[in-house]
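In the text below, chain A, chain B and the rest are named by the order of the sequence lines, each starting its count at 1.
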There are 2 protein chains.
Amino acid sequence: MKRWIFRKKRAEILEILLALAELGALIKPIEISTNKLAKILDMSQQSASRKLREMEKEGLISREITALGEKIRIRNAGISLLLEYHDRLCEIFRKIKPGIMVLKGVVVRGLGEGRYYMALKGYVAQIKEKLGFKPYPGTLNLKLKNTEDILKRIELQRLPGILIKGFLDGVRTYGDVKAFKAEINGIKPLAVVLPERTSHGIDIIEVIGPFNIREKLGLKNGDEVSLIIYLQ
Amino acid sequence: MKRWIFRKKRAEILEILLALAELGALIKPIEISTNKLAKILDMSQQSASRKLREMEKEGLISREITALGEKIRIRNAGISLLLEYHDRLCEIFRKIKPGIMVLKGVVVRGLGEGRYYMALKGYVAQIKEKLGFKPYPGTLNLKLKNTEDILKRIELQRLPGILIKGFLDGVRTYGDVKAFKAEINGIKPLAVVLPERTSHGIDIIEVIGPFNIREKLGLKNGDEVSLIIYLQ
DNA sequence: ATTACTATAGCTCGAGTAG
DNA sequence: TCTACTCGAGCTATAGTAA
């Protein structure tokens, strides 16, 4: 038999368990009516009722129907289901150290985009204000080789960072850019920039600074550098 | 409009994204045919094809159809979806320190179950061998008050611990029990026991030792103690 | 080998409603 | 109010194919 339908059901149940867990059902029984749960999950009361019955039948939760709703507790099997997804996701996004991130990258030729964007007044003014330097018109592009580093790079996307707001200049709109202060070989102030929309692959990271970084550091294509990023 | 159907679809997509991510699509494009993906997810080739098309349409992945399959990459929106679930689950299961876990609990009256189980030869012999003491027939039951502590308790369930195997004595079967070495106020050797099946709530933790812990520590119901658990 | 269209069997959801 | 049953409308999965 096809297990997909079963897996799909589990993913659906995950959604409900997440809601219940967020209501505190992992810790102590919670009292909730099918109506309220239905509102939280944006489904009909009937569906909420049915789902809870199914979950009880599968031993994922225990229920006790009272006058004004039900007392629901997530049972071990339910916790296991949550932990299973937790583990799979954690395995994918391995934890990073807080505060600082170190990435190794190889210098590669950019697309010339950086030069273009770093010359736009809308960005320049904000970078000066928020990062403390007037950006040299051009970016240093580093290609990440290591799987670990690419995962870190992905982590960066979810961190708040320093927001360089987008703008429109009458012709087109320019998107938000996220930035993190950084340094290479002790040389700073530098910053990593992550445009909201980018044509680069996830394995490329762009570095800006108040000077031509390649020249200042004597770098050429293919050189490997360590980049320290301050997550602040 | 009901958002539940939308949430359900997202949970379903999570399942597929997880499979793709586990194949490495977060890092670099992966080459896979709808047939192979269908096998992995235990669905029909047609469904795999449709799902991928839907996900592409929603901007979650990018595809490039080649002669022998497709080149698939998870795009930012897809990564966001994974991170969203990751964050929600992490929020529920906060990270614990490795090696040692400290829990605070209040002494409560047990159900008399502990006394019964700790007298069974099948368990006693194993405890002696694996934990290094002959258990006193009775358990100290601690009620966890703190949310943080209950979350830690939940974490314990997923850690390997020391396995005390279940057995059958001709009449009924006795389930596996997981144990962790522990101490209270510097007094040891003690151990925390987590039966596979238990009638206790998730906020109760059972402690065993080679002596009557209540007497030895002069504890009475309502006393608060700190329990150190060795996760080994 | 691929991907993907069409048609249908089967499943799910929620309105109506009972208890 | 509550939970939960029935049943039809609508959605989803896959077998059969085409390209």
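Applying a 4.0 Å cut-off to non-hydrogen atoms, the residues of residues 48-56 of chain A that approach DNA chain D are S49(A), R53(A), listed by residue number.
Each end of the helix from dT2(C)-dA19(D) to dG19(C)-dC2(D) gets its own axis from five base pairs, and the two axes differ in direction by 30°, given to 10 degrees.
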Passes side-chain contact (heavy atoms from CB on, under 4.5 Å), Y117(B) versus V177(B)? Steps please. CA-CA 11 Å; Y117(B) 290 112; V177(B) 175; over 6 Å; no
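Here the straight-line distance linking atom CD1 of I184(B) with atom CG of L219(B) works out to 7.0 Å at 0.5 Å rounding. The distance from atom CD1 of I30(A) to atom NZ of K36(A), rounded to the nearest 0.5 Å, is 10.5 Å.
Under 4.0 Å is where a charged nitrogen must lie from a carboxylate oxygen, and between R73(A) and E64(A) no such pair does. Between K165(A) and D176(A), no side-chain nitrogen of the basic residue sits less than 4.0 Å from a carboxylate oxygen of the acidic one, so the salt-bridge criterion is not met.
S33(A) has a side-chain polar atom (N or O) that falls below the 4.0 Å cut-off from OP1 or OP2 of dC2(D). Using a 4.0 Å cut-off, some side-chain N or O of N35(B) falls inside it from OP1 or OP2 of dT2(C). Taking 4.0 angstrom as the limit, S47(A) places a side-chain polar atom (N or O) nearer than this to OP1 or OP2 of dG14(C). A sub-4.0 Å separation between OP1 or OP2 of dA13(D) and a side-chain N or O of K8(A) is present.
One atom, CD of Q45(B), and another, P of dT2(C), lie 9 Å apart when rounded to the nearest Å. Separating the CD1 atom of I5(B) from the C1' atom of dC11(D) is a distance of 8 Å, rounded to the nearest angstrom. K71(B) places its NZ atom 17 Å from the P atom of dT2(C), with the value rounded to the nearest Å. Atom NZ of K57(A) and atom C1' of dA4(D) are 14 Å apart (whole Å).
Partners of E58(A) by side chain to side chain contact (heavy atoms under 4.5 Å, CB included), not counting sequence neighbours, listed by chain and number: I13(A), L60(A). Residues passing the salt bridge (charged side-chain N to carboxylate O under 4.0 Å, His left out) test with R214(A): none are found, sequence neighbours excluded. Listed by chain and number, the residues in a side chain to side chain contact (heavy atoms under 4.5 Å, CB included) with R50(B) are S47(B), R53(B), E54(B) (sequence neighbours excluded). With sequence neighbours left out, Y116(A) forms a ring-ring contact (aromatic ring centres under 6.0 Å, His included) with no residue at all.
Both T66(B) and E12(A) sit near DNA chain C, but only T66(B) has its closest nucleotide nearer the 5' end.
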